[in-house]
Amino acid sequence: MADTKIITALDFPSKKEAFEFLDKFSEPVYVKIGMELFYKEGPEIIQKIKERGHEIFLDLKLHDIPNTVKSAMRNLASLDVDMVNVHAAGGKKMMAAAIEGLEEGSRGGKRPLCIAVTQLTSTSPEMLKDELLIERDLAETAAHYAYMAKEAGLDGVVCSVHESKKIHSVCGEEFLTVTPGIRPAGSSKDDQVRIATPAYAKEQGSNFIVVGRPITQAEDSVEAYRKIREELK
């Protein structure tokens, strides 16, 4: 089984808090920069974090008409991030356009990994049926979205741990699953619905786990990170 990597979510309101957190670490870590931080600080924070040697998953969840997504991804590729994402609900043409934009923006170099969000880990079965009017269950819906993403040329998907194994069975072991909603035993669920421990995520074949508050809000963030890394071993 391949190693499961930790992506730490830098869900901070500004660069001040983000860099105070990163200053605690003596080694490079893989971090996720979401809408809150990117919309506050802009592309400059990407450059400063890359200069420190960290890998970056830029989590902006693009979802628009294909041409707009292509143009946006062309620009994001120039930021030298390591991973970006779109919403699979935008369809195969939109996802294929995202790859085209990334390849153009990378100018012949290595493009960022591109993954698609299947269903958010805050989505419950009741919400899927009653609000989104999707009659299929979460696992089947996520696997279908993942298969579309693979057909469009993407590298993987964002899904809950509980769909990871099924998605690998449908799309192959090389197709990446990135799983949020990770909570060490005894942690608060916060606003997540479908959660799992790091060990269970590894057992289910998650290639990357995304961990936020259990690390960033821990009394000792470095120790919390280390314990999760040890659990994955």
Side-chain angles (χ1 to χ4, degrees), residues 7-13 18 30-47 49-50 54-107 109-123 127-128 131-132 134 138 141-160 163 167 171 175-181 191-192 207-210 212:
I7 298 177
T8 303
L10 298 185
D11 294 331
F12 296 108
Y30 208 131
V31 299
K32 180 178 81 71
I33 296 177
M35 298 177 191
E36 179 182 17
L37 190 55
F38 187 77
Y39 292 161
K40 167 69 174 175
E41 303 294 351
E44 181 185 1
I45 193 168
I46 301 291
Q47 179 184 352
I49 290 176
K50 289 295 290 186
H54 304 295
E55 293 180 276
I56 296 175
F57 167 25
L58 184 56
D59 178 26
L60 300 182
K61 301 182 180 71
L62 273 60
H63 187 173
D64 213 309
I65 62 172
N67 190 59
T68 298
V69 169
K70 179 179 178 179
S71 299
M73 284 298 190
R74 186 187 301 119
N75 290 334
L76 293 184
S78 69
L79 298 180
D80 192 33
V81 294
D82 301 278
M83 186 187 295
V84 293
N85 63 352
V86 298
H87 268 291
K92 283 194 286 187
K93 286 186 178 179
M94 186 205 75
M95 289 190 279
I99 295 295
E100 291 175 10
L102 288 173
E103 289 177 345
E104 289 180 9
S106 300
R107 298 177 181 176
K110 184 180 179 182
R111 67 164 175 78
L113 293 171
C114 186
I115 59 177
V117 176
T118 53
Q119 291 292 335
L120 299 173
T121 49
S122 58
T123 300
M127 178 182 170
L128 191 76
E131 297 181 26
L132 304 182
I134 297 175
L138 276 165
T141 302
H144 174 65
Y145 282 11
Y147 188 73
M148 285 199 306
K150 183 178 181 180
E151 287 192 316
L154 271 65
D155 303 290
V157 290
V158 181
C159 63
S160 96
E163 287 100 49
I167 286 170
C171 299
F175 192 72
L176 303 174
T177 55
V178 179
T179 56
D191 54 358
Q192 304 280 10
N207 300 101
F208 295 87
I209 59 171
V210 180

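Keep in mind that the numbers below use all heavy atoms, side chains included, and drop hydrogens, waters and symmetry copies.
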Listed once per pair and sorted, the salt bridge (Lys or Arg N to Asp or Glu O under 4.0 Å) pairs that draw on residues 84-99, sequence neighbours left out = K92-E151
Set of residues satisfying side chain to side chain contact (heavy atoms under 4.5 Å, CB included) with respect to E103, sequence neighbours excluded | I99, R111
Contacts of F12 meeting ring pair (Phe, Tyr, Trp, His ring centres under 6.0 Å) (sequence neighbours excluded), chain-then-number -> F21
Who are the side-chain hydrogen bond (donor to acceptor under 3.5 Å, both in side chains) partners of D11, not counting sequence neighbours?
-> none
Quick one: are the ring centres of Y30 and F208 less than 6.0 Å apart?
-> yes
Taken in chain and number order and not counting sequence neighbours, the residues that satisfy side chain to side chain contact (heavy atoms under 4.5 Å, CB included) with R74 are K70, S71, E104
Rounded to the nearest 0.5 Å, how far does CG of L176 lie from SG of C159?
-> 10.5 Å
Not counting sequence neighbours, which residues clear ring pair (Phe, Tyr, Trp, His ring centres under 6.0 Å) with H54? List them please.
-> none
Quick one: ring pair (Phe, Tyr, Trp, His ring centres under 6.0 Å) pairs with a partner in residues 59-97, sequence neighbours left out?
-> H63-H87
Who passes side-chain hydrogen bond (donor to acceptor under 3.5 Å, both in side chains) against E55, sequence neighbours left out?
-> none
Which residues share a side chain to side chain contact (heavy atoms under 4.5 Å, CB included) with A88, sequence neighbours left out | M95, A116, Y145
Single hit among I134, V157, V158 for side-chain contact (heavy atoms from CB on, under 4.5 Å) with Q119 = I134
To the nearest 0.5 Å, what is the distance between CE (M148) and NE2 (H144)?
-> 4.5 Å
Residues at least two apart in sequence or cross-chain that pass salt bridge (charged side-chain N to carboxylate O under 4.0 Å, His left out) with K50, listed by chain then number, are D82
Sorted by chain and residue number, the salt bridge (charged side-chain N to carboxylate O under 4.0 Å, His left out) partners of E44 (sequence neighbours excluded) come out as K48
Measure the CG-CD1 distance between L79 and I45 for me, rounded to the nearest 0.5 Å.
-> 12.0 Å
Can you list the residues that meet the side-chain hydrogen bond (donor to acceptor under 3.5 Å, both in side chains) rule with N85, with sequence neighbours excluded?
-> D59
